[in-house]
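Take a look at the structure below.
Everything numeric in this text was worked out from a predicted model, so none of it was measured.
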Amino acid sequence: MAKGKLAIVLHAHLPYVRSKVPGSLEEDWYFQALMECYLPLLKILEDSAKAKDLNPKLTISLSPTLLSLLNDEELKTRFPKWLKVRLNLLTSVERSQKEAADFLAKNINIQLDNWSNCEGDLIKRFSNLEDLQVLDILTCAATHGYLPLLRENIECVNAQLSTAVREHFRFFGKTPQGIWLPECAYYEGLDSLMSQNGLRYSILDGHGILHAKPRPRYGIYAPICTKNGVAFFGRDSDSTLPVWSSRQGYPGNGEYREFHRDLGWDLPLEILNKNGIKEPRPLCLKLNKVTSQQTSLNKKDFYKPEVAANTVRKHALDYLLGKKLQLQKLYQAIDQSPVLIAPFDAELFGHWWFEGPSFLYEIFKQANEQEIEFTRLNDVLRETSSIQLCEPCPSSWGQGGFHKYWLNASNSWLISEWSKAGRAMIEICNVGVEKKSDLRVIQQAARELLLSQSSDWSFILRAGTTTELAKERINRHLKRFWSLIESLENKETFSESTLIDFEEEDSIFPLIQANDWKTLS
């Protein structure tokens, strides 16, 4: 075997965009991720675990917001109907599109069976894979809050962590040992709050490790540990670039499925209307291939699944050969076996890169022949006899490597809003409530505050996509938060009917505890 190991880490997250309206943009976000990413990913992991001579190992973070969506009974009921609408739309394609449409329809039916066979209980399947030691399941901050920007009120950072740990236990019956820090963002002292919440390891971008104090002896190829007993792993860009880059990596190959061309823009409005779709928009119905980076969307060739499958096998081999050579060179350069950390957003596999799940299966399948051994982050820590004591450098995996993507002219106004709301929450939690009925009010205020803090909204504002949705969500949660807090401050009875509406729509975190916002000593 190669002298060293490869740890693939996936970050599975969606913002809490639950909508009561079938066919909404929020519903599409979630259902597309189910169909293209999470269902195929579970299937390839289960198939790999069952296959002879395969030893799949993967670390995955399942964010509390994603788990809440996966557990939502109303969404479970609506998902098969959503799939069947897409199947019906595929019957309306032109003759030239039929071969590609038939393949897509077959794939959708596979995912429908995949869903039905487990009665929509994906959380149990993830848990079973952890019991089989295929997965190491991490948590994430409660609503994916960008923690360095919440640090003015460290109780808000603590609440993001403690709520996440509590939710993980609710779903899996065990407390998480590791966490994916949102956007891999770290600041000095965060490890102390992590340790207090029982979180013992996480991942940073490479420079967060390379610029640690003192400089790590083995760079990013071994974990480091802080004085508070929290271990950190560093991202290896050589192991991630070929997989995630659409320009320099595999996903941009001309034979792979084109992400941006969607049948939802091409079908006649009459057909869309008959299927309950009011206007042209992406519908997760993609029939074309990349063809080339220079080819305009309207001239993309149709997808050829067999050709794409052959290309996946070649790329999997190419990737493994590259890792084998890299590990051999590293082993010769340092006096211990290196570990390559390859973290990705989970939706790269299946959603952004349709062939991604097949690629994972192929590298598991071909690994033995190429002498590549996979590992999980918790396995690395168990097998490491000593870890260098270092303090990580503040960092993120965003553009520029620090915090500017989430703190700039487009979204900096959010910081003062979070800070003001955070202080109000801390003050009311320190005082406490006088009536038992007020406990529901303060708990709902906590939910609204957490939901307003999602880094997804900052990201959308900076990226310039669906900005109105992001602004609407931020303003909705903050408006609700202040109405709840002001009723407590003024010792007024909050409207029961309004509270029920808030609780039904923002029904996340049933075990939320207001004490998490009490001033930390």
Side-chain angles (χ1 to χ4, degrees), residues 15-16 63-65 139-167 179 181-183 185-194 196-197 199 394 396 403 406-408 411-433 438-461 470-471 473-490 494 502 506 508-509 511-521:
Y16 191 71
S63 76
T65 49
T139 188
C140 183
T143 57
H144 213 263
Y146 195 87
L147 302 182
L149 299 184
L150 302 177
R151 65 184 294 188
E152 181 180 352
N153 300 305
I154 62 169
E155 292 81 5
C156 289
V157 178
N158 181 67
Q160 283 275 350
L161 298 179
S162 58
T163 303
V165 169
R166 194 177 299 114
E167 282 294 282
I179 183 172
L181 296 174
E183 318 300 354
Y186 182 80
Y187 69 86
E188 310 96 321
L190 178 57
D191 61 313
S192 176
L193 287 177
M194 293 167 64
Q196 290 173 38
N197 283 282
L199 299 166
S396 83
H403 310 317
W406 294 271
L407 181 60
N408 53 71
N411 54 31
S412 59
W413 60 272
L414 270 171
I415 311 303
S416 60
E417 296 294 330
W418 290 335
S419 180
K420 180 182 176 183
R423 286 196 301 272
M425 186 66 185
I426 293 165
E427 289 174 5
I428 203 74
C429 290
N430 281 332
V431 172
V433 294
D438 288 341
L439 184 59
R440 281 174 57 203
V441 176
I442 199 171
Q443 288 173 331
Q444 192 59 34
R447 294 185 185 99
E448 303 297 345
L449 178 59
L450 287 171
L451 289 168
S452 78
Q453 292 171 341
S454 171
S455 73
D456 299 280
W457 311 136
S458 302
F459 183 91
I460 290 172
L461 292 174
K471 291 176 182 177
R473 285 283 170 169
I474 295 164
N475 291 329
R476 180 201 303 183
H477 295 310
L478 286 175
K479 183 178 179 180
R480 291 180 175 183
F481 169 81
W482 284 115
S483 67
L484 293 157
I485 289 295
E486 287 169 3
S487 75
L488 293 172
E489 291 176 338
N490 297 330
F494 196 82
F502 289 1
D506 298 331
I508 197 168
F509 309 143
L511 302 181
I512 198 160
Q513 292 185 12
N515 283 340
D516 291 338
W517 280 266
K518 279 190 173 182
T519 299
L520 295 174
S521 56

Shortest non-hydrogen contact from [X] to [Y]?
X: A141; Y: P64; answer: O-CD, 3.6 Å
X: L407; Y: S412; answer: CD1-CB, 3.9 Å
X: E155; Y: K518; answer: CG-O, 3.2 Å
X: C429; Y: I442; answer: SG-CD1, 3.8 Å

Evaluate the ring planes of W406 and Y146, with Trp represented by its six-membered ring, and classify them as parallel (under 30°), tilted (30 to 60°) or perpendicular (over 60°).
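Because their plane-to-plane angle is under 30°, the rings of W406 and Y146 count as parallel.
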Check whether [X] reaches the backbone of [Y] with its side chain - one donor and one acceptor, N or O, closer than 3.5 Å.
X: T143; Y: L450; answer: yes
X: S455; Y: H144; answer: yes
X: N490; Y: E486; answer: yes
X: Q160; Y: A142; answer: yes
X: R447; Y: F509; answer: yes
X: N411; Y: F459; answer: no
X: S454; Y: L451; answer: no
X: W418; Y: S452; answer: yes

Do H477 and L449 make a side-chain contact, defined as non-hydrogen atoms from C-beta onward lying under 4.5 Å apart?
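They are not in contact (no side-chain heavy atoms under 4.5 Å apart), so the answer is no.
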Side chain to side chain, I485 and V441, heavy atoms closer than 4.5 Å:
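Not in contact.
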Separation of [Y] [atom2] from [X] [atom1] (nearest 0.5 Å):
X: D456; Y: T65; atom1: CG; atom2: OG1; value: 7.0 Å
X: N158; Y: L193; atom1: CG; atom2: CG; value: 5.5 Å
X: N153; Y: E427; atom1: CG; atom2: CD; value: 9.5 Å
X: L149; Y: L414; atom1: CG; atom2: CG; value: 9.5 Å

Answer yes if the side chains of [X] and [Y] hold a donor-acceptor pair under 3.5 Å, and no otherwise.
X: S419; Y: E152; result: yes
X: S192; Y: Q196; result: yes
X: Y186; Y: D191; result: yes

Between R166 and D516, is there a side-chain N and carboxylate O pair less than 4.0 Å apart?
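Looking at D516 together with R166, the answer is yes, because their closest N to O distance falls below 4.0 Å.
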